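Down below is the structure, laid out as structure tokens.
Nothing here was measured: the structure is a model prediction, and the numbers come from that model.
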Amino acid sequence: MSLIYFPIIVSLFAIVFVWFLVSQIKKSPAAGDKAVAITQAVQEGAMSYLKRQYLTISIVGIILFILLFFMGWKIAIGFLIGAVLSGVSGFIGMIVSTQANTRVAEAAKKGLAKALDISFKGGLITGLMVVSLGLLAVSGYYFLTGITGLIGLGFGASLISVFARVGGGIYTKAADVGADLVGKVEKGIPEDDPRNPAVIADQVGDNVGDCAGMAADIFETYSVTIVATMILGALLYPISPQFVLLPLILCSVSILTSIVGSYFVRLGKKQNIMGAMYKGVVATVILSAVAFYFVISRYMAGQITSATNLYFSTLVGLVIAAGMFVITEYYTSKSYGPVKSIAKASETGHATNIIRGIGLGMQSTAYPVLLIAFGTIISFWLAGIYGVALAVMAMLSISGIVVGVDAYGPITDNAGGIAEMAGMPEDVRKITDALDAVGNTTKAVTKGYAIASAGLAALVLFAAYSEKVSINGSINFSLTNPQVIAGLLIGGLLPYLFASFLMGAVGKTAGKVVEEVRRQFKEIKGLMEGTAKPEYGKAVDIVTKAAIKEMLLPALIPVAAPILVGFILGPEALGGLLIGAIVTGLFVGISMTTGGAAWDNAKKYIEGGAYGGKGSFAHQAAVTGDTVGDPYKDTAGPAINPMIKVLNIVALLIVAFLV
């Protein structure tokens with residue numbers, strides 16, 4: 001069998017394996033009694049939101065498709081494929097989550113091991129579907145049309161990802177913040193209490209933001225990195241097609257190792273949930289490292305760049321991935337000093353909690369950025385800019401199991417909510433709480449991984465942009481060039497401007513939710529006493545409409561900015577814009593996601609009994625910190641990933657018109 005068909009065959013095999021996992025989950029019993037209506041309400045709310053979101057996005061997509069057709073049918077069709085499959089991956093992520101969460105709640109009655117098994121399989125379905133669809137799209141379209149249309153495919157995936165991350169992020173955190181501000185802060189009722197009118201909207205938000213949005217995000221990062229590496233291979237080694245095909249083969253290998261690695265996720269004697277997750281990730285990394293050696297040493301033998309250097313470049317990428325896991329867990333887990341320091345600061349009030357959380361978020365950027373910097377230098381020294389691309393590709397190649405670990409989080413979060421609202425026994429809630437606590441850390445860890453890989457992927461895209469510019473004309477990217485400096489400043493501004501719109505959107509929408517929840521508690525007699533039912537649908541409708549409306553402007557910023565700067569100030573300024581956005585985007589993204597997750601787990605640390613436990617003054621301050629951190633970690637921070645890559649993809653699309 002020719003290796004040219006290998007990625008397509010592996011992708012199809014992974015899709016078949018996914019359906020095997022789906023059938024296993026469906027065999028597990030769903031929670032009954034009160035949980036049926038709750039689950040149905042969450043499923044309907046999530047489906048309703050996604051339909052409205054995709055309808056809105058499709059209007060923008062059709063306009064862009066028509067415009068891109070004038071640049072060539074290959075780019076336009078590629079855009080359509082990338083956009084559709086990015087949306088499909090998000091849709092599948094949401095469907096799986098809403099099917100698995102009720103089964104996890106029911107499985108918790110049989111113990112921790114059974115609940116973990118179902119929740120992880122639910123996450124793994126999303127992870128493997130994302131990477132298999134991404135690999136199938138890129139490899140299939142490349143084999144049909146060649147390298148030209150791949151930029152369009154990457155743009156389609158990136159654009160949908162921005163909308164999904166922005167819209168889903170606004171939805172999930174506006175609902176969460178609105179529910180917490182009235183329920184936990186004003187009324188003093190527990191999280192996920194069925195008396196809270198915004199609790200269903202909060203449950204829906206976990207699915208449309210943390211599942212659908214995250215799946216579209218990783219699909220885009222994964223696909224765009226493959227595309228960028230292939231383009232670089234074609235530009236740098238025009239007579240050696242092996243450099244174009246190598247990223248496809250490496251990703252194929254890692255999909256197989258992710259499937260094998262998933263069988264290592266098992267609880268040990270200590271019942272350590274995080275340890276069980278790490279067994280699967282570590283096994284995948286080791287298997288990938290071994291497999292990469294045999295693939296590269298055989299397939300790349302006798303090339304202009306040595307196979308050994310190429311192999312060590314992939315190891316650099318795997319080390320960065322592992323390093324991001326360790327660093328992010330240190331800053332976000334309840335077991336370590338940073339989170340405990342926020343909890344300690346909560347003893348003296350709301351302000352000191354906020355001050356410590358912001359400071360910790362800023363501090364948490366140091367180690368990841370140094371790791372990325374050294375990784376970039378080493379991989380460049382080994383194999384030039386293609387070595388950097390290969391390092392990023394290796395880092396992202398294990399996305400199948402990494403997304404599985406991430407998507408596990410919202411499934412367990414929803415399972416806990418269902419258990420609470422349905423009045424399940426206390427021992428069930430203890431198990432779902434234990435799973436959810438780890439889920440907060442896994443979501444934070446994988447977001448750190450995603451942001452680091454996004455920053456490196458954007459660097460690879462910039463390299464492809466600069467290579468295309470140098471082919472088509474003589475361009476000066478020197479720092480003595482005022483256009484470059486202007487571009488750097490504008491690019492550095494964009495992540496801050498982008499994040500400000502998202503934070504504002506969450507605050508505005510959460511305010512509407514607060515008003516609605518207050519109204520219901522005031523006007524519905526017996527609601528607080530539990531003798532009357534809240535009007536859940538009204539809160540869901542408010543958040544849905546607001547999220548759709550608020551997502552449009554920020555999502556269009558990364559499309560419009562490079563076009564305006566490129567045509568008004570020129571290609572040098574556009575190059576500066578790309579680097580400026582990558583640099584500040586990395587810092588803003590990491591500080592927001594890590595700081596927000598640390599705030600969340602500081603609250604949970606106090607709820608576990610520290611500093612007075614639930615209801616104490618420290619707990620009240622920690623709830624405030626968590627409320628501020630919610631849009632940090634789940635809206636603005638993660639959305640910077642696709643934003644900086646859309647900037648670069650648009651630059652690649654228009655470069656031919658600028659030089």
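Atoms CD1 and CD1, on Ile342 and Ile355 in that order, are 12.5 Å from each other to the nearest 0.5 Å. Put simply, NZ on Lys645 and CG on Asp217 are 6.0 Å apart, with the number rounded to the nearest 0.5 Å. Rounded to the nearest 0.5 Å, atoms CE (Met47) and CZ (Phe91) are 4.0 Å apart. Separating the NE2 atom in His619 from the OG1 atom in Thr624 is a distance of 10.0 Å, to the nearest 0.5 Å. In this structure, CD on Gln271 lies 9.5 Å from CD1 on Ile431, to the nearest 0.5 angstrom. Rounded to the nearest 0.5 angstrom, Ile451 CD1 and Thr328 OG1 are separated by 8.5 Å.
When the shell of 6.0 Å around NZ of Lys279 is examined, it contains more than 12 heavy atoms from other residues, nucleotides or ligands. Open room surrounds CE on Met362; 12 or fewer heavy atoms of other groups in view lie less than 6.0 Å from it.
Here the closest non-hydrogen pair linking Ser453 and Ala450 is OG-O, 2.8 Å. The shortest non-hydrogen separation linking Ile92 to Met129 is CD1-CG, 3.6 Å. For the residue pair Thr627 and Val623, the shortest heavy atom distance occurs at OG1-O, 2.7 Å. Val182 and Val517 make their closest contact through CG1-CG1, 3.5 Å (heavy atoms, listed as atom of the first residue, atom of the second, distance). Here the closest heavy-atom approach between residue Ala546 and residue Thr509 is recorded as CB-CG2, 3.4 Å. Between Pro631 and Met503, the shortest heavy-atom contact is CB-SD, 3.7 Å.
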message: Between Gln363 and Tyr331, does the side chain to side chain contact (heavy atoms under 4.5 Å, CB included) criterion hold? Intermediate values first, please.
response: CA-CA 9 Å; Gln363 180 187 324; Tyr331 279 106; 3.5 Å; yes
- prompt: Between Lys26 and Gln99, is a side chain to side chain donor-acceptor pair (under 3.5 Å) present by the stated rule, with each step listed?
  reply: CA-CA 8 Å; Lys26 282 189 172 181; Gln99 292 288 329; over 6 Å; no
- prompt: Where do Asp436 and Lys604 land on the side chain to side chain contact (heavy atoms under 4.5 Å, CB included) test, with the steps shown first?
  reply: CA-CA 10 Å; Asp436 184 28; Lys604 283 184 165 52; 4.1 Å; yes
query: Do Val588 and Phe498 pass the side chain to side chain contact (heavy atoms under 4.5 Å, CB included) test, and can you show the C-alpha distance, the side-chain angles, and the key distance before you say yes or no?
result: CA-CA 10 Å; Val588 173; Phe498 182 75; over 6 Å; no
query: Taking it one step at a time, do Glu220 and Ser158 satisfy side chain to side chain donor-acceptor pair (under 3.5 Å)?
result: CA-CA 5 Å; Glu220 174 262 347; Ser158 296; 3.0 Å; yes
query: Could you go step by step and tell me if Asp630 and Trp599 meet the side chain to side chain donor-acceptor pair (under 3.5 Å) rule?
result: CA-CA 8 Å; Asp630 272 339; Trp599 262 316; over 6 Å; no
query: After noting the C-alpha distance and the side-chain angles of Ile57 and Tyr54, does the key distance pass the side chain to side chain contact (heavy atoms under 4.5 Å, CB included) rule?
result: CA-CA 5 Å; Ile57 297 171; Tyr54 287 158; 4.0 Å; yes
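Looking only at side-chain heavy atoms (C-beta outward), Glu186 and Arg518 come within less than 4.5 Å of each other. Residues Met424 and Arg429 form no side-chain contact, since every pair of their non-hydrogen atoms from C-beta on lies 4.5 Å or further apart. The side-chain heavy atoms of Lys633 and Thr332, taken from C-beta on, include no pair separated by under 4.5 Å. Between Val339 and Ser333 the shortest side-chain heavy-atom distance does not fall below 4.5 Å. In this structure, the side chains of Leu112 and Ile273 come closer than 4.5 Å at one or more pairs of heavy atoms. Between Ile640 and Phe587, the closest side-chain pair of non-hydrogen atoms is not below 4.5 Å. Between Tyr408 and Thr446 the shortest side-chain heavy-atom distance does not fall below 4.5 Å. Looking at heavy atoms from C-beta onward, Leu527 lies in side-chain contact with Pro197 at the 4.5 angstrom threshold.
Among Leu435, Val265, Thr412, Val104, the one residue that satisfies the side chain to side chain contact (heavy atoms under 4.5 Å, CB included) test with Phe120 is Val265.
The side-chain tip of Lys344 does not point at the ring of Tyr611 from less than 6.0 angstrom away and within 45° of straight on.
A side-chain donor-acceptor contact under 3.5 Å links Tyr278 and Glu329. If you check the side chains of Arg356 and Ser341, you find a donor sitting under 3.5 Å from an acceptor.
The aromatic rings of Phe325 and Tyr449 sit perpendicular to each other, their planes meeting at more than 60°, with 30° as the lower class boundary.
Under the 4.0 Å criterion applied to side-chain N and carboxylate O atoms, Lys538 and Glu535 are assigned as salt-bridge partners. Between Asp176 and Lys173 there is a salt bridge, with a side-chain nitrogen of the basic residue lying less than 4.0 Å from a carboxylate oxygen of the acidic one. Salt bridge Arg103/Glu106: absent, no basic N to carboxylate O contact under 4.0 Å. Under the 4.0 Å criterion applied to side-chain N and carboxylate O atoms, Lys545 and Glu550 are not assigned as salt-bridge partners.
Taking the ring centroids of Tyr330 and Tyr336, they lie under the 6.0 Å cut-off.
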